[in-house]
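Take a look at the structure below.
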Amino acid sequence: METEMIIPAAVDAIKLQELEKVPSKTVFISARLLARQFLGQDNEGLLCLSEYANFLRYLRLTTSLSLLADGQSGFGNALNTYYTAGELARSGADQMILNDQTFPAHSRQAQPPVSILDFVGKLKAAQDGLKTSSTELIVKLDGIQYYGIAGIEERLKIAAKLEAQAVVIGHLSPNLFLKLQNKISLKNIGLAQDNSLIPKTELAQAQPAFVIATNEAIENQKNEAMRFISYMEEKQNAKI
Amino acid sequence: MQKFDQLRKTFDKAVHTDNQITNMIVTPDSLSARIAEKLGFKAIFAAGYATSASNLAMPDRGIADFSIMLNKCREIVNAVNIPVFADADTGYGDLDNIRRTVRSYESIGAAGLFLEDQKWPKRCGHMAGKSVESTEVLVEKIKTAVKSRKNQDFLIMSRTDARAVYGLKEAIERSQQYLKAGADLIFIEAPQSIAELREIAAAFPKTPLMANMIEGGATPMLTSGELRKLGFRIVVHPTALTYAHTYATEELLSTLKKKGTTVTEQDKMLTFDRFNNFIGLDKVNHREQQYSATKMNQVLKGLNIKEESH
């Protein structure tokens, strides 16, 4: 993945076409955004792999942007992760995120992380599944509230040894973010803006390798809905 | 995907090899495709008659749409490691649809596709009541398809159904126009005699031709060897498995309905173990075992994470 500070999240082909006009090279196809759009629920874990991959294939044909696919927690165990990786690669993913939540992964409040052994198993399985493709693996660590900074350090080493292309840390609180900055160099690590607790600009100020701006996309989605409601109300009032 | 590139090349080479015929079986599903691959078939055809039947329990009358056809083809592509050629019917609309159809089939890893000159909703080429568009319609579609593909070895086949409507001469003339428009392969549907098959072969001595062998259809049933000698490079069997599956299902279910058990029919089935073996249960189980806690413990130790921390 080429270095770029902000990776926007989108699930809309028109938005992808607009993003081609700005410096963004990579777009995160967020399963959370997709679940909100299709199901009206803020929970990525409601989507199954085939639903997500089908949508990814639609988007793949619309853009030359690099697509960061959301492999969530591999949709099950290591075996499922192996098949997830293959399916996302075939569906046009340039990179695939694999988080360390217990299946099914959740968007707002992360599920507890899998054990270290399951983490290793899933990483290996994902790499095996991607072997015959050029799709890169990005590991997302969502369990900082459970395993702390020491757990992050341990998982960073494992991800590096197992040749993950990048690591991104998500589900941060202001307190944990502060600790993280004090203990770990973020130069080669990405941060995910999974909630509204820390503004995107603040995450960027820590100078990580990149920021995945999922929450910003969620806020935009909400704002669009609000604008639509205001517009309809104005129309109704004008009639009265 | 490397696999897709390789399979397209394999198919391209096979159909352009002299004195060789590629025997394509239409498989209604991934399982049948896997069986065909295991038995040594070198290519699969994902086609409308079988997909309409297996997915919708409907005749091939233009009800199975682009999405149903594309997904079926994709399932088969993913299940085998031999080329899968696609029946793209009329391309499902106008030239915008052709662009989307070609890009979609190419991206899922099909070896190529055919586009036909029937009016939508189309019907099986051997059914009565067909009507065809003017030649120009498919000429433009073929030109668009050729421009839309990313890989030159994603092959575009033209299919004309004009034989049934206007006669063989018109069907040949149309196909010559389609060839000029850029078609890589030619398919004239439903010739009615061996003499007509010969006439088609004589009209296109340098272009790979496809013949369609439908049990009970308009074209005489010939063997692959006989068609090869006539000059055809591809033969497709679109209905055999659909009819065989339907027959087997009807037989078995009749017995089950009558006797309340399938015990007497087991000699006509695979055993539980043989089927699981065929379908690759051992491989999947083995794959899962590769990531077991015991093995991952060994991997973790090998990574020396703890030692490096101290």
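As a basis for the values below, the full set of heavy atoms in this structure was taken, side chains included, without hydrogen atoms, waters or symmetry mates. The chains referred to below are lettered A, B, ... by the order of the sequence lines, with proteins before strands, and numbering in each begins at 1.
The two atoms that bring B:A293 and A:L117 nearest to each other are O-CD1, 3.7 Å, heavy atoms only.
For residues 77-96 of chain B, the interface with chain A (any heavy-atom pair closer than 4.5 Å) comprises B:N78, sorted by residue number.
Here the NZ atom belonging to A:K131 is positioned 13.0 Å from the CD atom belonging to B:Q2, to the nearest 0.5 angstrom. Atom CD1 of residue B:I305 and atom CD of residue A:E153 lie 11.5 Å apart, to the nearest 0.5 angstrom. Atom CZ of A:R57 is separated from atom CG of B:N71 by 6.0 Å, given to the nearest 0.5 angstrom. Atom NZ of residue A:K124 and atom CD of residue B:Q290 lie 8.0 Å apart, to the nearest 0.5 angstrom. How far CD of A:E154 is from CG of B:L300: 7.0 Å, rounded to the nearest 0.5 Å. Rounded to the nearest 0.5 Å, atoms CZ (B:R74) and CG (A:N54) are 7.5 Å apart.
Taking a 6.0 Å sphere around NZ of B:K3, one finds it holds more than 12 heavy atoms contributed by other residues, nucleotides or ligands. Around CD of A:E20, the count of heavy atoms belonging to other residues, nucleotides or ligands within 6.0 Å exceeds 12.
For chain A, the nearby parts of B:S104 are the backbone and the side chain; heavy atoms of each come within less than 4.5 Å. Interface residue A:Y83: only side-chain heavy atoms are found under 4.5 Å from chain B. For a residue to count as touching a neighbouring chain, one of its non-hydrogen atoms must lie under 4.5 Å from one of that chain's; by this rule A:N77 touches chain B with the side chain only. The parts of A:I158 that come within reach of chain B are both its backbone and its side chain, each placing non-hydrogen atoms under 4.5 angstrom from that chain. A:D118 does not touch chain B: none of its heavy atoms, backbone or side chain, sits under 4.5 Å away.
The shortest distance between side-chain heavy atoms of B:L303 and A:L162 falls below 4.5 Å. Contact check for A:L123 versus B:Y291: no side-chain heavy atoms found under the 4.5 Å cut-off.
In terms of non-hydrogen atom pairs under 4.5 Å with chain A, the most contact-rich of B:R287, B:R103, B:E288 is B:R287. Taking A:V120, A:N80, A:T81, A:I116 one by one and counting their heavy-atom pairs under 4.5 Å with chain B, the maximum is reached by A:V120.
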